[in-house]
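Read through the structure below, which is laid out as structure tokens, and then see the notes.
One-based numbering, in listed order, for ligands and for the atoms of each. All figures in this text were calculated on a predicted structure; none of them were measured in a lab.
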Amino acid sequence: MPASRLGLLVLGLALAVVPFPARAAVEAEPPVRESWPHQGIFGTFDRAALQRGFQVYKEVCSACHGTKYLAFRNLTALGYTEDEVKAIAAEYTVMDGPNDQGEMFERPARPSDRKPSPYPNEQAARAANNGAYPPDLSLIVKARAGGENYIYSLLIGYEEPPAGVTVPDGMHYNKYFPGHFIGMPPILQPDGVTYADGTKATVAQQARDVTQFLAWLAEPRLEDRKRTGIKAMLFLIVLTGLLYAYKRRVWADVH
Ligand code: HEC
């Protein structure tokens with residue numbers, strides 16, 4: 001191999017193993033570790049927190065983020081009555097049709113409809129957000145390493161950039177976001193929502209509530225899954241006892 005080629009090869013290998021120089025500086029902080037009521041074998045969702053979280057999502061986040069898998073009727077799982085769900089759905093307008101004239105038309109949403117997204121397509125979403133794309137939040141808790149803890153941390157993680165760091169135009173500094181510069185503004189404000197149940201709406205409280213709502217949205221059947229698991233374990237324990245007793249009986253006369 002000619003010397004110049006060998007040189008290139010060595011350089012290439014060296015570049016491949018040397019980490020990106022700026023990387024260490026922009027590594028995101030590990031998310032804070034919160035405890036969540038729905039965690040653990042017996043954990044269940046806190047319905048009051050889910051309703052508050054839905055309120056935060058509806059009044060704040062849904063201006064930019066869609067939740068394409070959320071049908072209004074699913075909201076009964078948060079403890080809303082069917083009439084309340086009907087009223088929530090009716091606040092939105094959806095496209096339906098075609099009618100007898102072959103035309104599409106708008107009508108108030110019904111519980112069976114999915115919640116409409118704020119933007120008609122990704123391009124429109126980017127155009128409205130400085131080029132950044134607000135992702136659909138339906139599965140976001142599952143889609144990010146750190147799950148609930150990451151989403152919660154991100155929402156409370158905005159701060160002034162350290163000295164010497166210039167935040168690019170249209171971006172914001174967030175210590176938990178990989179790269180630290182995020183296109184989403186610090187959106188939660190103290191008392192930014194007024195909770196129906198009188199809970200004080202601090203930024204941390206809103207972040208906790210909306211995170212729990214998003215955790216439910218990403219896995220609405222979590223409680224069923226745990227219940228099935230517990231039943232299966234109980235069944236196996238009883239079965240083990242019975243089989244053991246049976247074995248002792250069968251072998252009782254063998255000396
Ligand atoms: C003004 C519009 C706007 C609002 C309101 C908004 N976001 Fe965002 N959000 C964005 C944009 C834009 C991005 C993409 C940021 C990027 O990639 O730099 C984003 C990204 C995110 C992400 C993904 C972060 C990641 O790791 O990729 C999460 C999670 C998120 N938003 C949650 C929320 C929640 C929860 C709310 C309500 C409390 C909310 N957002 C309200 C614009 C918004």
Would you mind telling me if ligand 1 is within reach of the side chain of [X], the backbone, both or neither, using heavy atoms under 4.0 Å?
X      : value
Ala207 : neither
Leu154 : side chain
Leu188 : side chain
Asn129 : side chain

Write out the residue and atom name of the closest protein heavy atom to [atom], then the distance separating them to 0.1 Å.
atom                    : result
atom 34 (C) of ligand 1 : Cys61 SG, 3.4 Å
atom 17 (O) of ligand 1 : Phe177 CZ, 4.1 Å
atom 27 (O) of ligand 1 : Arg144 NH2, 3.0 Å

Looking only at side-chain N and O atoms, does [Y] offer a donor or acceptor that is under 3.5 Å from a partner on [X]?
X      : Y      : value
Asp83  : Thr81  : no
Asn149 : Trp36  : yes
Asp209 : Tyr195 : yes

Atom indices of ligand 1, in the order listed, that fall short of 4.0 Å to a heavy atom of Tyr133: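 With Tyr133 as reference, the close atoms of ligand 1 come out as 13 (C), 14 (C).
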Below 4.5 Å, heavy atoms only, C-beta onward: do Arg114 and Tyr69 meet side chain to side chain?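 Yes. Closest side-chain heavy atoms under 4.5 Å.
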Any side-chain heavy atom of Gln212 sitting closer than 4.5 Å to one from His38?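 In contact.
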If hydrophobic clusters are built by linking Ile, Leu, Val, Met, Phe, Trp and Tyr wherever their side-chain heavy atoms come under 4.5 Å apart, do Tyr57 and Tyr119 end up in the same one?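 Different hydrophobic clusters.
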Heavy-atom contact check, 4.0 Å cutoff: does Tyr57 meet ligand 1?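 Tyr57 does not count as a contact of ligand 1 under the 4.0 Å cut-off.
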Within the side chain of Asn74, is there an N or O that forms a donor-acceptor pair under 3.5 Å with the backbone of Leu70?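 It does not hold such a pair.
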Minimum non-hydrogen distance to atom 1 (C) of ligand 1, winning option of Gly53, Cys64, Ala63: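 Among Gly53, Cys64, Ala63, the closest heavy atom to atom 1 (C) of ligand 1 comes from Cys64.
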For ligand 1, which is the ligand I care about here, please tell me if Gly183 has any N or O atom under 3.5 Å from one of the ligand's N or O atoms.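 Min N/O separation from ligand 1 is below 3.5 Å for Gly183.
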If you measure every N or O of His65 against every N or O of ligand 1, does any of those distances drop under 3.5 Å?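 Yes, at least one N or O pair falls under 3.5 Å.
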So Arg208 and Asp46, salt bridge (charged side-chain N to carboxylate O under 4.0 Å, His left out) or not? Walk me through it. CA-CA 11 Å; Arg208 249 189 92 81; Asp46 170 352; over 6 Å; no
